[in-house]
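Written out below as C-alpha cells is the structure these notes cover.
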Amino acid sequence: MHIAMIGTTAPSHIYPSLAVIAELVRRGHRVTYAVGDSLRHVVEPAGVEVVPFSSILPDGEASWPDDPAAAMQVFLDEAIASYPVLTAFYDDDQPDLFLYDIGGMTAPVLGVRYGVTAVQLSPTYVAWDGYVADLGDGMTSIRESTTGVAYRDAYASWLRDNDIDADPWEWITYPAHCLSLIPRVMQPHADRVADTVQFVGPCLDPVRLNDRSWTVPEGPILYISFGTGYNERPEFYRLCIDTFADTDWHVVISIGRRVDPATLGEIPANVELHEHLPQLAVLDAATVFITHAGMGSCTEALWFGVPTVAIPQAVDQFGNAAMLSELGVGVHLEFEKVTAGSLAGAVAAARELTSRAAEISAEVRSQGGVDQAGDAVEAFLA
C-alpha cells in the first residue's frame with residue numbers, strides 16, 4: 001500500500017522513526033517521504049520516494065529562536081509554505097495512510113483533505129490528561145504571550161482555510177492517533193496518557209547502528225554534544241576543554257557547523273573535536289555523556305546505558321533532564337550556573353551511576369521496537 005511520511009527537515013526529528021520507515025519498505029509497502037530537499041540524502045537510503053520541498057527551518061548554520069512560541073511559528077510557517085507542494089503531489093497520488101513527525105504539521109490537514117488516517121510518530125513525550133494544568137504558568141505565559149497569540153491566530157486561520165474548525169492548541173496537543181517512539185520511562189505521567197497513544201519503544205536505525213567510521217580511543221571516554229539545534233556554545237566547549245585537559249578522560253566533542261574550531265584555541269592531546277560524529281558508535285563506547293538532553297540523545301544514552309550530565313538548553317530538554325535525574329541515570333545542571341568545579345563534580349557523580357544506567361538500558365531494550373512499530377502501522381492500514 002502507499003504510505004506517506006511527512007517529515008521534519010531536522011536530523012533529530014528524522015532519526016527516531018527512520019528505522020520504522022525502512023521496515024515498512026522492507027514489508028513491501030510503497031513509502032513516499034516529504035522532507036526538505038537539503039536532507040533527502042538522509043532518508044533515501046531507507047528505500048523511500050522523496051517528495052522534496054524548500055525548507056525554511058534553521059539548518060546547521062542558523063539558530064532557532066529562543067522564544068518558544070516563535071520557534072513553534074517556524075514549524076507552522078514551514079507547513080503553510082510546503083502545503084501547496086504536497087497537495088500538488090498527493091492530489092494525483094493519494095496515499096492509504098499518512099505518518100508524520102510532530103513537526104510534520106501538514107499531515108493531519110492532508111488527512112482531512114483526502115479522508116485518510118494520519119498517525120503521528122512522536123520522537124518526544126506526549127501530552128497527558130491534565131497536561132496544560134500541570135505545566136501551569138509556564139504554559140499559560142507561552143500561549144498568552146504576543147508571539148503565542150500570533151501563532152494561535154495564524155494556525156486557526158490556516159485550519160479554517162482548509163475547512164477544519166478546531167482549536168489549534170487542542171489540534172496540535174492531542175493527535176487522533178500516535179505511536180510513541182521513546183522509552184516509556186521517559187514519558188511523564190504515562191498512566192494518564194490517552195489510549196490513542198501506543199508506546200512502541202525506541203526504534204534505532206540499523207544504518208546508524210552499523211556506522212563504525214569513528215575510531216574508538218583508549219581510556220574512559222567523556223562524550224560532549226549539544227545536538228544540532230542549540231549547539232552554538234563555543235564558551236561552553238572551551239570550559240569543557242579546560243576542565244578536562246590533561247586528565248585521564250579522553251574527551252570527544254561534537255561542536256556542529258556553527259562553531260569555528262579555530263576560535264576554541266589550543267586543543268590538548270586528550271581532546272578531539274568534530275563537526276559531526278556517528279553518535280551511536282560514540283555512545284556505545286562512552287563512559288559519561290554531557291548532553292543538552294534532547295529526547296533523541298536521552299533515548300540513545302539510555303539504550304547504551306551511558307550515564308549523563310544533562311544541561312538543557314530549550315523546550316522539552318528541561319523536563320528530560322529532570323527525568324534522567326529522577327531515574328537515577330543522570331546529573332542535572334543549569335547551563336547559566338555551570339563552572340569548571342560543578343562540571344567536574346557532575347561528571348564524577350555521573351560515573352557512579354553506571355550500574356543503574358545498565359539496569360535501565362536492559363529495560364529499554366526489552367520494549368517493543370521496530371517490529372512492533374511496523375505491526376502497529378499496518379494495523380491502521382487494515
Side-chain angles (χ1 to χ4, degrees), residues 7-23 33 35-36 38-48 59-61 101 123 181-183 201-233 237 240-241 244 249-259 261 264 267 270-310 317 320 357-358 361 364-365 369-370:
T8 300
T9 312
S12 60
H13 284 255
I14 291 174
Y15 291 142
S17 61
L18 195 57
V20 181
I21 300 303
E23 172 64 12
Y33 198 121
V35 71
S38 61
L39 291 184
R40 66 181 302 156
H41 67 283
V42 177
V43 303
E44 280 181 326
V48 302
D59 59 14
E61 297 177 354
D101 174 69
L181 304 178
I182 70 168
C203 300
L204 271 61
D205 178 19
V207 175
R208 294 180 64 222
L209 280 169
N210 293 327
D211 183 349
R212 299 292 157 167
S213 57
W214 174 72
T215 301
V216 180
E218 294 183 0
I221 296 169
L222 176 61
Y223 176 43
I224 302 166
S225 173
F226 272 10
T228 58
Y230 298 90
N231 59 7
E232 193 174 2
R233 302 291 188 263
Y237 299 142
C240 292
I241 293 168
F244 299 104
W249 287 105
H250 186 92
V251 183
V252 181
I253 309 178
S254 177
I255 62 174
R257 296 167 55 188
R258 295 195 292 269
V259 175
L264 298 179
I267 307 301
N270 69 315
V271 177
E272 56 180 91
L273 299 180
H274 299 267
E275 179 181 295
H276 174 75
L277 281 163
Q279 178 156 296
L280 301 187
V282 182
L283 287 174
D284 194 19
T287 305
V288 173
F289 180 22
I290 297 179
T291 173
H292 65 309
M295 185 60 83
S297 292
C298 292
T299 295
E300 292 165 5
L302 291 176
W303 181 272
F304 286 102
V306 183
T308 58
V309 174
Q317 297 160 18
N320 295 342
S361 173
V364 169
R365 292 190 182 213
V370 175

Before giving the answer on side-chain contact (heavy atoms from CB on, under 4.5 Å), spell out for Gln279 and Phe304 the whole-Å C-alpha distance, their side-chain angles and the decisive distance to 0.1 Å. CA-CA 11 Å; Gln279 178 156 296; Phe304 286 102; over 6 Å; no
Validation row: [X], [Y] side chains within 4.5 angstrom (heavy atoms):
X	Y	answer
Cys203	Val370	yes
Val42	Val35	no
Arg257	His276	no
Val271	Tyr237	no
Ile224	Val251	yes
Ser254	Tyr223	yes
Trp249	Thr287	yes
Trp214	His274	yes

Run the side-chain contact (heavy atoms from CB on, under 4.5 Å) check on Val43 and Ile21 step by step: do they pass? CA-CA 9 Å; Val43 303; Ile21 300 303; over 6 Å; no
May I have the step-by-step check of side-chain contact (heavy atoms from CB on, under 4.5 Å) for Ile221 and Val216, ending in yes or no? CA-CA 9 Å; Ile221 296 169; Val216 180; 4.1 Å; yes
If every non-hydrogen atom of [X] is compared with every non-hydrogen atom of [Y], which pair is closest and at what distance?
X	Y	answer
Pro217	Glu272	CG-OE1, 4.3 Å
Arg233	Val259	N-CG2, 4.1 Å
Ala357	Gly305	CB-O, 3.4 Å
Ala301	Leu283	N-CD1, 4.0 Å
Ala10	Leu39	N-CD1, 3.5 Å
Pro183	Thr299	CD-OG1, 3.3 Å

Does the [X] side chain pair with the main chain of [Y], one donor and one acceptor, at a distance under 3.5 Å?
X	Y	value
Asn270	Phe244	yes
Ser361	Trp303	yes
Arg212	Leu209	yes
Asn320	Gly294	no

Nearest-0.5 Å distance, CG of residue Leu222 to NE2 of residue His250: 10.0 Å
